[in-house]
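Convention: sequence-line order gives letters A, B, ...; per-chain numbering from 1. Small disclaimer: the values here were computed from a predicted structure and weren't measured.
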Amino acid sequence: AFFWLVSLLLSSLIWFIAVKASDPRDQPLQKGLLIFGVMFSVLLQEAFRFLYYKLLRKAIEGLVALSEDGCSPISIEQMAYVAGVGFGLMSGAFSMINLLADALGPGTVGIHGDSQLYFLTSAFMTMVLIFLHTFWGILFFHGCEHRRWWEITAVVVMHLAVSGSTFCNPLYVGSLVPSYLLMAAAAAWAYLLSGGSAQNLRRFLLCK
Amino acid sequence: MITFTNNSDSEEEPCNERTSLMSAESPPVPSYQDGLQASEAGEAQAHRKRRTGSSRSPNNIADGDMSDSGVPVRESALENEEEELTLKYGAKHVIMLFVPVTLCMIVVVATIKSVRFYTEKNGQLIYTPFTEDTPSVGQRLLNSVLNTIIMISVIVVMTVFLVVLYKYRCYKFIHGWLILSSLMLLFLFTYIYLGEVLKTYNVAMDYPTLFLVIWNFGAVGMICIHWKGPLQLQQAYLIMISALMALVFIKYLPEWSAWVILGAISIYDLMAVLCPKGPLRMLVETAQERNEPIFPALIYSSAMMWTVGMAKPDTAARGPSQQAWDAEDGRENHRSPSHTDSQMSETRSPVPTRPTTSLEELEEEERGVKLGLGDFIFYSVLVGKAAATASGDWNTTLACFVAILIGLCLTLLLLAVFKKALPALPISITFGLVFYFSTDNLVRPFMDTLASHQLYI
C-alpha cells in the first residue's frame with residue numbers, strides 16, 4: 001500500500017508540473033495531459049510493484065538465512081498475494097473514499113446532465129480494479145520469479161488497457177465490460193499459476 | 001520512544017514507590033526507552049517516553065545479578081536464536097503496536113469529523129502566545145516559529161526537570177505530579193469531551209447521570225493506569241487519554257504552529273534520545289544504573305509481564321503505565337514511554353540470568369512492545385490535523401495514516417537491529433508530514449480531476 005501511495009505521489013507530481021506549465025484554458029491539451037498523466041501513473045505503479053518485488057525478495061532471503069530449517073515462514077506466493085491486495089486496497093480506497101463521503105450528504109446524482117449511474121459504476125469499477133490488482137500481483141511476482149518477461153509485460157499491458165478503457169466513461173459498456181472480462185482472464189491465469197486446476201476446483205465445489 | 005526491554009531504561013519517572021507496590025523490585029525491564037519527555041509541572045506537558053525495546057534475552061536482565069551473569073559462553077549460541085526470536089516477534093510487535101495506534105487515530109479522526117468544537121478556533125494556549133491572524137505570510141511564519149521555540153523550550157525544561165528529579169530520587173514528587181496529571185485528564189477533559197459530543201448529537205443528559213458516568217470512568221481509569229487492572233482495560237484507557245490529549249492539541253494549536261511543532265518535536269526527540277547528553281538518554285542510563293524498572297506511567301505496553309509467586313521481585317512489568325501528566329491549565333500531555341516487554345521474552349530464553357523467575361510461567365508470556373504515549377499523541381495530532389484542515393479530506397488522512405504506520409514499522413525494524421532505545425517519532429512524523437503536504441497539494445487535484453472524468457489509474 002505504501003509503495004502504491006508513493007507511486008501515486010510521483011505521478012501526481014509529474015502531472016501537476018505538466019499542468020502548471022501549460023495553458024489552463026486549452027481544453028484538449030488538458031485532456032491530453034490528463035491521459036498522459038494516467039498512462040504515466042500506470043507505468044509508475046508497475047515500476048513500484050517491481051521495486052516492491054525486489055524488496056520482498058531480499059526480505060525472504062534474510063528470513064531463510066535466519067530460519068532453522070532453511071525455508072522461510074512465508075512464501076513468495078503469499079507475499080505476491082498480499083502485495084496485490086495492498087496495492088488494490090490502496091487504489092480502491094483512494095478512488096472511492098471521497099465519493100463515499102460525498103454520498104453521505106444531500107444531493108442528486110447527475111442533475112447537471114451527467115450519468116445517473118455514477119456511484120454505481122464507480123463502485124463496480126473500483127471493485128474490479130481491486131481484484132485486478134490482486135491478480136496482477138500474483139502474476140507479476142510469478143513472472144519475476146521465473147524470469148518470464150512476457151508475463152510481466154502482459155500485466156503491464158492489461159493495466160494500461162483497463163485504465164485506457166475508462167476513457168470511454170461515461171459510455172460504461174466500453175469500460176466495465178472489458179475490465180470484467182480481463183479480470184476473469186487474470187483470475188483464471190492466477191489460479192492456474194498458484195497451483196489450481198480444474199480438478200481442484202471441482203473437488204472444492206463439490207465439497208469432496 | 002520505543003523501547004526494548006533489554007535494558008531497563010526507565011526513562012519515565014522512577015516511581016520507585018509505585019513500582020515497589022507493583023513488583024517487588026526493580027524489574028530489569030529490558031525496555032528501551034526512547035524519548036522521555038518531561039512535562040512541566042505547571043504546564044500540561046506530556047511526558048514522552050519512548051522506548052524501543054526489543055526483547056533480547058541477554059539484555060533484559062536488568063537485575064543487578066543478571067546483567068553480568070549473562071552467559072557469555074552461550075552468548076554466541078544464543079545469538080542466532082535471539083536473532084530469530086527477534087525477527088519472529090518483530091512482526092508480532094509491529095502488529096501489536098499497529099492496533100492501538102490505529103484505534104487512537106480512528107477515535108481522533110472520528111471526533112474531528114463529527115464534533116465541530118475541536119475544529120473551531122477558540123483561543124490559544126499559553127504555550128503558543130503568538131497569534132497567526134496576521135496580514136502577511138512572513139509575519140505568520142515568524143509567529144509560528146516563535147511559538148514552536150517556546151513550546152519546545154517548555155518541553156525541554158520539563159524533561160530536564162524530570163531528569164533532575166529522577167537523579168535526586170524525588171520519587172514522591174514525580175508520583176504526585178503524575179497522579180495530578182492523570183486526574184485532570186481523566187476527569188476534566190473527559191467532561192469537556194462528553195459535553196461536546198452530546199451537544200453535537202443533541203442528546204439530553206442530566207447532571208446526576210453525567211456525574212455518575214464521569215466519576216466511574218475516571219476512578220476506574222486512575223486505578224487501571226496507576227495501579228493494577230486488566231491489561232486490555234488499561235490499554236483502552238491509555239488510548240483514550242492519548243486521543244483526548246491529541247484533540248486538545250489539535251484544537252488549541254494554530255495551523256502553521258502545529259506543523260512546525262511536529263517537525264521540531266521529532267528533531268528534539270531524535271536528539272534527546274540519541275545524543276549522549278540528551279535528557280532522555282541520561283534518564284535511561286540512570287535507570288539502568290539503578291536497575292530500576294522503567295516508569296510505567298506514560299507508557300503503553302502491549303503485554304504484561306508478571307511472574308507469580310517468585311521469591312525474587314519480579315518485574316514490575318505489570319502493565320501499568322503511568323502517565324506523566326503535567327496538568328497545566330487543564331492541559332495534559334501524556335507521553336508514555338513505550339516499553340517493550342522484551343523482558344518477557346528474555347526470560348523465556350534459557351538464560352539463567354533470572355534464576356528466580358519461573359521460567360514456565362514466562363514461557364507463555366509474550367514479548368510485548370512498549371511505546372510512549374507521547375508518540376501516540378503526536379501521531380494522532382498529525383492525522384487529526386490532516387483530517388481537520390486538508391481540503392482533500394479523506395485521501396490526505398488516509399495517506400498520512402499509511403505513512404505513519406510505515407514509519408512505525410521502520411522504527412521497529414531499526415529497533416530490532418540496534419536493540420536500544422530509539423525515538424519513535426522522527427521517521428513516522430517525517431513520512432507523515434511529507435505525505436500530508438504532497439497529498440494535499442499534488443495528489444488532490446490529480447485525483448479530483450480523475451474522479452470528475454471517472455478515469456481510473
Is B/L455 in contact with chain A via its backbone, its side chain, both, or neither, using a 4.5 Å heavy-atom distance?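 Both parts, heavy atoms under 4.5 Å.
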Closest heavy-atom contact between A/A93 and B/L398?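 Shortest heavy-atom contact: CB-CD2, 3.4 Å.
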Give the minimum heavy-atom separation between B/W394 and A/N98, together with the two atoms involved.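 Looking at all heavy atoms of both residues, the shortest contact is N-OD1, 3.6 Å.
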Counting heavy-atom pairs under 4.5 Å to chain B, which of A/V162, A/V38, A/V42 comes out on top?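 Max contact count across the listed options: A/V38.
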Picking from A/S91, A/S165, A/S163, which has the most non-hydrogen pairs under 4.5 angstrom with chain B?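 Sorted descending by pairs with chain B, the first entry is A/S163.
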Residue [X] excluded, over 12 heavy atoms near [atom1] under 6.0 Å:
X      : atom1 : answer
A/F3   : CZ    : yes
A/Y180 : OH    : yes
A/Y81  : OH    : no

A/M90 vs B/V402 side-chain heavy atoms within contact, under 4.5 Å: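 Yes, close enough: below the 4.5 Å cut-off.
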Do B/T397 and A/I97 have side chains that approach each other closer than 4.5 Å (heavy atoms only, starting at C-beta)?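 No. Closest side-chain heavy atoms not under 4.5 Å.
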So for A/S41, is it side chain, backbone, both, or neither that comes closer than 4.5 Å to the heavy atoms of chain B?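 The side chain, not the backbone.
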Need one label for A/T121: side chain, backbone, both or neither, based on atoms under 4.5 Å from any heavy atom in chain B.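 Both backbone and side chain.
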First locate atom CG of B/L450, then atom CZ of A/F94, and finally report the distance between them rounded to the nearest 0.5 Å.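 B/L450 atom CG to A/F94 atom CZ measures 12.0 Å (nearest 0.5 Å).
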